[in-house]
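Numbered from 1 within each chain, the chains take letters A, B, ... in sequence-line order. Quick note: numbers below take in every heavy atom, side chains included, and nothing from hydrogens, waters or symmetry partners.
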There are 2 protein chains.
Amino acid sequence: MDFYAKTGKLALGSRLRRLGQKFLEDGVKIFQLYEVDLDPKWFPVFYCLSQEETLSITEIALKIGQSHASVSQMVKEMKKRDVVTMQKSKSDGRVNKVSLSEKGKAISLKLETQLIDVKSATEELLNESHHSLWKAIEDMEFLLSKENFFKRVLKKRKERESKLVEIIDYDPKYKAVFRDLNHEWITKYFQLELADNQTLDHPETKIIQPGGYICFASYKGEIVGTCALIKMDNGTYELAKMAVSEKARGKNIGWLIGQHIIEKAKGLGAKKVYLESNTILEPAINLYYKLGFKRVVGPPSPYERANIQMELEF
Amino acid sequence: MDFYAKTGKLALGSRLRRLGQKFLEDGVKIFQLYEVDLDPKWFPVFYCLSQEETLSITEIALKIGQSHASVSQMVKEMKKRDVVTMQKSKSDGRVNKVSLSEKGKAISLKLETQLIDVKSATEELLNESHHSLWKAIEDMEFLLSKENFFKRVLKKRKERESKLVEIIDYDPKYKAVFRDLNHEWITKYFQLELADNQTLDHPETKIIQPGGYICFASYKGEIVGTCALIKMDNGTYELAKMAVSEKARGKNIGWLIGQHIIEKAKGLGAKKVYLESNTILEPAINLYYKLGFKRVVGPPSPYERANIQMELEF
DNA sequence: ATAAATTGCGTAAGTACTTACGTAATCATT
DNA sequence: AATGATTACGTAAGTACTTACGCAATTTAT
């Protein structure tokens, strides 16, 4: 199969399914060999019933990990072939109690010798292989239960894209972008306040000249995020005006800007970084925690929207 | 999933398929995430075309290991969505040449970044697991290509059943069985000859009393096979009248009787064992080779059906 | 050169599931 | 006690394949 050689591990899913299919196809022939009058696809249902006497449709479905609809269909066919019997439950008029019929029980005895051979063939196969497929499957199921494949791809995408993000210093030509990026999120959740207009319209005189700092995140040549440090007193800087464009979410930009701005604060000789925010901005608050900020109660803020204050001490 | 815990390795096939399914399900979500306008099931077809420009339906089917019918259906859908173009081949009026359309080529560029992330997620997953699923699959595919699962089960059955076979010595009450078992195969392929009637009707006087030996194979209390040693001169014994009942095939009975009779010959002080047979009885001849017999040219046989002579020297 | 076999393809129908949906029975809440 | 939510089930329809079949076009054998 040329395809697997070329796509390699990309096609892990279909390769697994294909391998499983191979086993199941042989299953059909094996049932014929032992002259067991069962449709191989019934096997899981049949096996459960041979172990537990009486089960409802839903119970079987849960046990074998298929949909109740599928079990319902199979049981219908099995009944037509007199392999099982069905009876409405007296205690609960909804449930349909399924058991093996006499014929089914007879088949189950025959099936036992078949299972002995299938089991030892499987075990031999697993022993012959150098790398244990059985344990590898267990590993994989465990890993996927911790974090499914989709999330893993998401994570990789973030990793890759964050490598394309560059952090650059303030330049007068970005003045408008600085305003727009902040305007975007403030007006989405709150209203522009007087203090906003002053800093957003005059970043150079209000932030940079008093000893502050502004940086930008650029992704594929486009400015998609920004953040500022405003000098306060006693070696404290305020982290403010952090903004990431909606369309650039999922690229770890907040984290990258945040880290950069903290390093910058250290470089400026800061002893701590302070910030104000609002609990409605959940992802932002989580980011601040991840960056090491702790919640504090500080002096009242000039901003109406501020309902949480945080600090990072070096 | 309770079922797998109980049936254990019996359900290897369905467990594999289920695991593969999990990957493929996430595949759908991943395609959405990257906004690639492709049905995930088209992926194998699409991938082949992105590598090779133009391919026929059958070529694609071969590469991806699916039926041509399936590819034909997919290509039809893909054409409806303007992802591929189709053109009858000029050199062969039967073949339908499929290529990516302009739209398809554009998609293929988008797809590339997706594949990068999927690939690194898969690789991380495989590295995280202690037992390598990838290598385990390769092992398993290799082992199955050498001997498929069905044959392995067959082998195990033979092994198990041959343990239930007992070899027992001649007893007058088996006189009729001795005749019947041999009668069964001789009349199936040849005609009864005079020499047959003599030995089959009088085993005691014709075989045992002159220093020969007869044994039987019993399976679950029923006599299903027999074999005789006839004393010749110069420390030679003839292996003759070996017969295994049709319905007891596949239980290794020929091999078990053969080995027993050779040991017996050794015990009787034989220097070699001789036999006559017919090349039409292929499984028998193979058995004799496996038991160590070599082809020889000996004196003419009293049996018309004999066209091959063999010997085993100790 | 002509018949027979093979090949490439498309369509239809089947398979082993799934999701979606409707119905009746039961449980929970007020 | 009435209403709404949940549960168990069956049926219908969809999905992603498969096998079966038929029809041309081509290759091989005679």
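Of all heavy-atom pairs between Val95(B) and Ser56(B), the closest is CB-CB, 4.4 Å.
Applying the 4.0 Å criterion to OP1 and OP2 of dT18(C), one finds that Ser67(A) has a side-chain N or O inside that range. Put simply, Lys76(A) has no side-chain N or O that comes within less than 4.0 Å of OP1 or OP2 on dC9(D). Contact annotation: Ser72(A) side-chain N/O to dG10(D) OP1/OP2 distance is under 4.0 Å.
Closest-nucleotide positions on DNA chain D for His68(A) and Arg17(A) were compared, and the one nearer the 5' end corresponds to His68(A). Each of Ala69(B) and Trp42(A) was assigned the nucleotide of DNA chain C with the nearest heavy atom; the assignment lying further toward the 5' end belongs to Ala69(B). When each of Lys41(A) and Gly93(A) is assigned the nucleotide of DNA chain C with its nearest heavy atom, Lys41(A) is the one assigned upstream, toward the 5' end.
The residues Arg81(B) and Asp39(B) are annotated as not salt-bridged, no charged nitrogen and carboxylate oxygen being separated by less than 4.0 angstrom.
Among the heavy atoms of the strands, none lies under 4.0 Å from Ser89(A). Across all strands, Gln73(A) comes closer than 4.0 Å to base atoms (heavy-atom distances).
In this structure, of dT18(C), dG10(D), dT11(D), it is dG10(D) that holds the atom nearest to the side chain of Asn96(A). When the nucleotides dT18(C), dC9(C), dG10(D) are ranked by their closest atom to the side chain of Gln66(A), dT18(C) comes out on top.
For the 3.5 Å distance criterion, the side chains of Thr85(A) and Ser101(A) fail to qualify, holding no donor opposite an acceptor.
Between Leu164(A) atom CG and Lys220(A) atom NZ the span is 6.5 Å, to the nearest 0.5 Å.
You won't find any donor-acceptor pair under 3.5 Å spanning the side chain of Arg94(B) and the base of dT26(D), going by distance alone.
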